[in-house]
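Below is one structure, written out as structure tokens; comments come after it.
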Amino acid sequence: MRRDEPVGPKSPLYLQLRELIRGKIENGEYLPGTAIPSVGALAETYGIHRLSVRSAISALIGEGLLKSVQGKGIFVVGEKLAKDLETAGGFEQTLKESPQRSETRLLIKAARPAGTLYAGYLGCSPQEPLFYVKRLCLLDGEPLSLEEAYVPQNLVPNLPDVDLNVFSLHQVYAFYGIRISRGEQSLSISRLDSAEARLLDVDAHRGVLTLQCVSYDAQGRAVEFARSHIRGDKCDFHVHFHR
């Protein structure tokens with residue numbers, strides 16, 4: 001936890017570095033979802049021992065400001081997610097809450113204009129710049145779903161710098177203070193092209209479940225159009241209703 005006593009020039013080096021990193025997070029130099037410099041780079045930059053750097057980083061990980069990912073680095077987490085956002089997390093959040101081992105692989109992250117189709121879903125002009133994200137979700141090592149998302153660039157401008165193998169899109173929205181309050185979903189059966197069928201390890205001639213959703217924030221802005229192609233042999237859908 002963060003200590004209450006002031007940290008000054010005579011404080012231990014790891015405490016001084018801890019507060020320096022915290023300051024860079026708070027002033028936006030280290031943005032949520034992005035990696036900070038490595039332990040070695042920080043040690044060289046500030047002329048201190050690696051153990052001091054690791055102690056500073058460990059303290060900030062303990063506070064929930066940083067997150068260590070094996071083989072990738074140390075990432076800025078930002079504010080913690082609110083519970084209501086987790087319940088609105090959609091199919092990806094359902095995977096994360098599963099007791100089975102889930103994994104998400106980023107396939108595409110690119111910029112594109114909305115075009116007529118996605119402008120209609122998102123209520124914007126066809127020229128509006130969007131981010132397009134495509135990921136493959138696996139459960140216990142087996143392909144389960146193909147996830148696509150279209151997000152207005154002005155809502156999450158630093159998305160190109162965020163590692164989406166580490167953070168979900170709903171975590172990125174939380175970094176910007178965006179809270180999903182409602183969504184409009186539809187479920188249908190569709191066929192994949194041969195390349196997508198191979199990714200999901202299904203017969204291209206057989207149908208898959210396709211879940212489409214437009215998500216809105218509390219101000220009524222369309223935040224995301226998402227499409228999930230889901231293997232029907234790997235997933236059940238349940239609907240609860242009250243009279």
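- Enclosure of atom CZ in R112 by more than 12 non-hydrogen atoms of other residues, nucleotides or ligands within 6.0 angstrom is indicated.
- Judged purely by atom type and a 3.5 angstrom limit, N158 has no side-chain atom pairing as donor or acceptor with the backbone of D161.
- Here the closest non-hydrogen pair linking A114 and A119 is CB-N, 4.0 Å.
- Scanning all heavy atoms of the two residues, the minimum distance from P152 to E128 falls at CB-OE2, 4.2 Å.
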Could you check L169 against L159 for side chain to side chain contact (heavy atoms under 4.5 Å, CB included), going step by step and ending with a plain yes or no?
-> CA-CA 9 Å; L169 280 173; L159 186 63; 4.0 Å; yes
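- L31 and V69 are assigned to two separate hydrophobic clusters, defined by single-linkage of ILVMFWY side chains at heavy-atom distances under 4.5 Å.
- Looking at K109 and F131, their side chains never come closer than 4.5 Å, going by heavy atoms from C-beta outward.
- Side-chain atoms of Y173 and E224 include a donor-acceptor pair closer than 3.5 Å.
- Contact detail for V77 and P32: the closest heavy-atom pair is O-CB, 4.3 Å.
- Between V223 and V151 the shortest heavy-atom distance is O-CG1, 3.4 Å.
- In this structure, R135 does not pair ionically with E147, as no charged nitrogen and carboxylate oxygen lie closer than 4.0 Å.
- In the hydrophobic cluster analysis, where Ile, Leu, Val, Met, Phe, Trp and Tyr join through side-chain heavy atoms closer than 4.5 angstrom, L42 is grouped together with I48.
- The minimum heavy-atom distance linking H205 with D203 is given by the pair N-OD1, 2.8 Å.
- Contact between A43 and R50 at its shortest, heavy atoms only, is CB-CG, 4.0 Å.
- Heavy-atom contacts from other residues, nucleotides or ligands closer than 6.0 Å to CD of E29 number more than 12.
- Counting only residues at least two apart or in different chains, ring pair (Phe, Tyr, Trp, His ring centres under 6.0 Å) contacts with residues 102-127 comprise Y118-Y150, Y118-F225, Y121-F225.
- Side-chain heavy atoms closer than 4.5 Å link hydrophobic residues (I, L, V, M, F, W, Y) into clusters, and following such links, even through other members, never connects V39 to L51.
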